[in-house]
Every structure is written in C-alpha cells, then in structure tokens.
*Asks:* 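I'd like to ask some things about the structure below.
As the structure is a computational prediction, the values presented were derived from the model and not from experiment. In each ligand, atom 1 is the first atom listed, and ligand 1 is the first ligand listed.
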Amino acid sequence: MEKFVYLEKVDVTFPTKKGTFHALHNINLNIDQGQFFTLIGHSGCGKSTLLNVVAGLQDASSGMALCAGREIKGPGPERGVVFQNHSLLPWLTCHENIYLAVERVFGRQENKAKLKQRTIDALALVGLAHAEHKRPHEISGGMKQRVGIARALAMEPKVLLLDEPFGALDALTRAHLQDELMKIVAETKSTVIMVTHDVDEAVLLSDHIVMMTNGPAATIGEILTVDLARPRDRLALANDARYHHLRARVLEFLYQRQMRPAA
Ligand SMILES: Nc1ncnc2c1ncn2[C@@H]1O[C@H](COP(=O)(O)OP(=O)(O)OP(=O)(O)O)[C@@H](O)[C@H]1O
C-alpha cells in the first residue's frame, strides 16, 4: 500500500537565544489512507510541532516527510488544518469563510455555482446549513469549530490535521463534536491526524494513538493500536473492558513511564 503520510528520521530544532533547542528527535511514522491517528503527550512535548511538519508549517531540520508520495514543502490544499482557535475571518459569514477556501482550491477549474454547491455541502456535512449567513461572533464556540472543520473538508484534503480542535469547548459540546467527527470521518473516509491531551478522546476516536515522550528531543515512545469496532458508541464503551484496558495503557504511559517533569 502507498505510504500515505510518511515520516522518516525527522528531527526538528529551533534556534533560540540560549542556543539550539532540540524539539523532536528521530520521528518515524507511517500512516495509511483512511486511518485516524492521534498524538498524545505531556504539554510542550512537541505534538503541535510534529503536526506542523505534516502541515508544512514547520520544516524538518533533518529527515524525510512525505504526503501521498510527495515531499512536504510548505502548506498545501491536500492537507487541511484545523486549529484550537477556529481562525475564521470575523467579517465574513460562515458561507463566505468556506467559499473563500473553496475558491482558492477549485476556482480555476469550476464555475461559481459548483463552488457554491461545495460550500453548501460542506456546511450540511457539519449540520450547519441553517447558519450559513451568520458571522463568527453570532455563533457558539462549538459551531465555529464545526465551520473550521467544514472549511478544511471542503477543500477535499488528502489528510485532515486537527490541533486540539475541541480543546476550548465545554465537556458536553466536546462529546457532541467527537461523535459528529466520527460520523463525518466514516462518511468521507478521511485520513486524520489529531493532537489531543484527552485520553478518552484519543481512545474513542483513534485507530492508532501515538504516545510521545517528554522533550527536549521528544520522540515516539509507543504507538498503541485501538482495535475497537466501529461505529463506536460512547455509552456502550463505558462498559467495555477492552476500552478500559486501552485507556489504562495510555494513562500508564503518561503517568508512570513519562512522569511530567517538575514545572
Ligand atoms: N518557534 C519555536 N522556537 C523555539 N522553541 C519552540 C518553538 N516552537 C515550539 N518550541 C518548543 O518546542 C517544544 C514543543 O512545542 P509544541 O508546541 O510542539 O508542544 P506541544 O506538545 O504541542 O505542547 P502543548 O500540548 O502545550 O500545546 C516546546 O518546548 C516549545 O517551547
């Protein structure tokens, strides 16, 4: 099978006033199409830096980074990114925010009606057709994140990159959006890499959980395979021994093997 997202011996260093900071060391990752990977680890270990390498927002200092067989050189529409803070343009409506992105990717080969249809379809996918004419300040935090996800998906990316997309939301909204994301990913068969701090979120959503060691020179400690059947139901999983076993494996990694260094 084609190596879909492929990182080999990736290191990232940052020049700082105190000298070179070695953030990531010897990262090797091979993600097949249609897989859902989460990155988990203590604060500051390098999860966002790793995601940014795949997004093309951060160059690897050494090693190889490929997406769909091509070297990653800067951001590209085949990699859709959603951040914790929605990053929607406040003066545009939900529809216009998505249309802008769609136009940038498909504007040369498609007419306005087709671009508009893509925008409407993306809003419908996240259940926000009714909010298309609202501006970001008129909708809730959860809705803004859904628009952000719709905007990323509307570009038909090969990989969806999510950096703690639900981190700023309350627990109920977060649970709701996790369920929605699972449905969307099942429907679109997207390949996803998502940064999270949340052990339950990681187990619920993932096919594989990438557990990262503490920095500096953070690396992948272990990749846990989550072999729970899909579709997954959070209530049924609450009584599932396998779910609890996987959850315990992540907790053990984080709190026994990678004790957080004293702040
Ligand atoms: N531009 C930069 N210059 C210098 N150091 C940086 C830079 N960006 C990140 N770092 C450092 O690299 C390390 C990894 O940062 P990163 O943001 O990737 O961690 P993280 O795991 O995503 O953290 P969090 O979970 O708190 O968001 C941190 O020690 C951070 O201070």
*Asks:* Using atom types as modelled and distance alone, determine if a side-chain donor or acceptor of Arg79 lies under 3.5 Å from a backbone N or O of Val54.
*Replies:*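 Yes.
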*Asks:* Tell me, please, which residues at least two apart from Phe37 pass ring pair (Phe, Tyr, Trp, His ring centres under 6.0 Å).
*Replies:*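 Result, ring pair (Phe, Tyr, Trp, His ring centres under 6.0 Å) vs Phe37: His208.
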*Asks:* Which ILVMFWY residues are connected to Tyr6, directly or by a chain of links, through side-chain heavy atoms under 4.5 Å apart?
*Replies:*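 Tyr6 shares its hydrophobic cluster with Met64, Leu66.
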*Asks:* Between the protein and ligand 1, which nitrogen or oxygen pairs come in under 3.5 Å, and how far apart is each?
*Replies:*
residue  : atom   : partner : partner atom : Å
ligand 1 : 18 (O) : Ser48   : N            : 3.4
ligand 1 : 18 (O) : Thr49   : N            : 2.9
ligand 1 : 18 (O) : Thr49   : OG1          : 2.5
ligand 1 : 19 (O) : Gly46   : N            : 3.2
ligand 1 : 21 (O) : Gly44   : N            : 3.4
ligand 1 : 21 (O) : Cys45   : N            : 3.1
ligand 1 : 21 (O) : Gly46   : N            : 2.9
ligand 1 : 21 (O) : Lys47   : N            : 3.0
ligand 1 : 21 (O) : Lys47   : NZ           : 2.9
ligand 1 : 22 (O) : Ser48   : N            : 2.9
ligand 1 : 22 (O) : Ser48   : OG           : 2.9
ligand 1 : 23 (O) : Gly44   : N            : 2.8
ligand 1 : 25 (O) : Lys47   : NZ           : 2.8
ligand 1 : 25 (O) : His197  : NE2          : 2.9
ligand 1 : 26 (O) : Ser43   : OG           : 2.6
ligand 1 : 26 (O) : Gly44   : N            : 3.4

*Asks:* Give me the one residue out of Gln178, Arg174, Arg247, Arg234 that meets side chain to side chain donor-acceptor pair (under 3.5 Å) with Asp200.
*Replies:*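 So the option named by the test is Arg247.
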*Asks:* What residue pairs, at least two apart or across chains, pass salt bridge (Lys or Arg N to Asp or Glu O under 4.0 Å) with a residue in residues 4-18?
*Replies:*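 Matches after skipping sequence neighbours: none remain.
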*Asks:* Are the aromatic ring centres of His42 and Phe253 under 6.0 angstrom apart?
*Replies:*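 Between His42 and Phe253, the centre distance exceeds or equals 6.0 Å.
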